[in-house]
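See below for the structure under consideration.
A quick note: this is a predicted structure, and the numbers were derived from the prediction, not measured.
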Amino acid sequence: MGQRLFAATAALVVVACAACQSEGSSAQVSPTSVAAAPAAGKPTVVASDLDVPWGIAFLPDGTALIAERDSGAIRHLQADGRATVIGEVPGVSAQGESGLLGLAVSPNYATDRTIYAYLTTGDDNRVVSLRFDGNGLGEPAPILTGIPAGSIHDGGRIAFGPDGKLYVATGEAGDRPRAQDPSSLGGKILRIDPDGSIPADNPTPGSPVWSLGHRNVQGLAWDDAGRLWATEFGANTWDELNLIEPGANYGWPEVEGRAGEAGFVDPVIQWSTGEASPSGLAFHDGALWVAALRGERLWRIPVGADGAVGEPQSLFVGEYGRLRTVVATPDGTVWFSTSNRDGRGDPGASDDRILELP
């Protein structure tokens, strides 16, 4: 796949916006000089007619679970292409950017039959565990509660790391100081055990906080060397790709993008908000793949063995609308989902869809 993509030069330009950007809202931006890097062939449709697909996670048999943000439903996408509703997660309160968001499958699913979901309730954002016996969902059991919730900046991505811990990406829910408050779960990347307990080797004893100073993280992925990367929505100027270190502070709201200020970690890559509004993130075939909402494209970023990144490549610009989630599949391909029914897009007749790279 990597050899079949033409390189593109990403011109990272400052775009001044009239209002704070939330998940790629439709403020006017100046045109950029980013050139699209075409793929050799068109993606194929894996599933269609979905209702704002947000989380995608794979079971050991290679089939996928899909979380629909607004309906609170989880679908089981089977090998024959049927996306059957296996249940609705009770207590989901969907408003604006909130609802049923990330999904993760237990590393021990073969024995514990457990999946995890990040959802918004009337009181908070939280992570719950549920049993899935192959037919229907069991009752949710909360394992992490009290994450600040709002109609914007809810984070929501959850993923198991190579260490077997569950990582949780949160947003500051529109209250900027939370991101710098170590006692708040908002504006953070959190790390917990599968039962919700706090690992003894977290940066601060007794705290689930792994990193802080984040505005709204919706993408988590590990490369082949076990490095954790995260995508983050900016405000008026810069979106970010960050390399995450335990205990590090990524600056929001004191800084946005590269500032070179002591005590804060600068992003590895920054985009203007019109080029990205980055949500999902995956690592596959030596590259990070970023799903862009407002940017309406898929970014491919080569990553070297030493962690150095190459020139970002811009794919399918404007062809499929807003892109939310991107995942590496068990059989060695990449899926990405559209998010055109989320209230900010222009849905087509078969939206929302999941597509597979050729």
Would Val334 and Val326 count as a side chain to side chain contact (heavy atoms under 4.5 Å, CB included) if you check the C-alpha gap in whole Å, the side-chain angles of each, and the deciding distance to 0.1 Å?
-> CA-CA 7 Å; Val334 170; Val326 57; 3.5 Å; yes

Using 4.0 Å as the upper bound for N to carboxylate O, is an ion pair formed by [Y] and [X]?
{"X": "Arg294", "Y": "Asp239", "result": "no"}
{"X": "Glu68", "Y": "Arg341", "result": "no"}
{"X": "Arg75", "Y": "Asp51", "result": "no"}
{"X": "Asp163", "Y": "Lys165", "result": "no"}
{"X": "Arg126", "Y": "Asp124", "result": "yes"}

In this structure, are over 12 heavy atoms from other groups packed under 6.0 Å from Asp346 atom CG?
->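 Count not over threshold, so no.
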
Any idea which heavy atoms bring Ile269 and Pro312 closest together, and the distance?
->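 Heavy atoms of Ile269 and Pro312 come nearest at CD1-CG, 3.9 Å.
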
Asn340 to Tyr320 - nearest heavy-atom pair and separation |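 Closest approach of Asn340 to Tyr320, heavy atoms only: ND2-O, 3.0 Å.
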
Compute whether any side-chain donor of one residue and acceptor of the other, for Ser106 and Asn108, lie under 3.5 angstrom apart.
->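 No, no side-chain donor-acceptor contact under 3.5 Å.
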
Going from [atom1] on [X] to [atom2] on [Y], what distance comes out if it is rounded to the nearest 0.5 angstrom?
{"X": "Ile66", "Y": "Ile74", "atom1": "CD1", "atom2": "CD1", "answer": "10.5 Å"}
{"X": "Glu319", "Y": "Glu296", "atom1": "CD", "atom2": "CD", "answer": "11.0 Å"}
{"X": "Glu97", "Y": "Gln95", "atom1": "CD", "atom2": "CD", "answer": "11.0 Å"}
{"X": "Glu311", "Y": "Gln313", "atom1": "CD", "atom2": "CD", "answer": "9.0 Å"}
{"X": "Leu190", "Y": "Ile158", "atom1": "CG", "atom2": "CD1", "answer": "11.5 Å"}
{"X": "Gln270", "Y": "Glu275", "atom1": "CD", "atom2": "CD", "answer": "10.5 Å"}

Are any non-hydrogen side-chain atoms of Ser279 and Arg157 less than 4.5 angstrom apart?
->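 The answer is yes, as the side chains (C-beta and beyond) meet within the 4.5 Å cut-off.
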
Is Trp289 close to Leu315 at the side-chain level, that is, under 4.5 Å between some pair of heavy atoms?
->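 The answer is yes, as the side chains (C-beta and beyond) meet within the 4.5 Å cut-off.
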
Verify, without hydrogens or angle tests, whether Asn242 (side chain) and Ile244 (backbone) share a donor-acceptor contact under 3.5 angstrom.
->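 Checking the backbone N and O of Ile244 against the side chain of Asn242, no donor-acceptor pair under 3.5 Å is found.
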
Looking at Trp54, does the NZ or CZ of Arg69 lie under 6.0 angstrom from its six-membered ring centre and within 45 degrees of the ring axis?
->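 The answer is no; the distance or angle limit is not met.
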
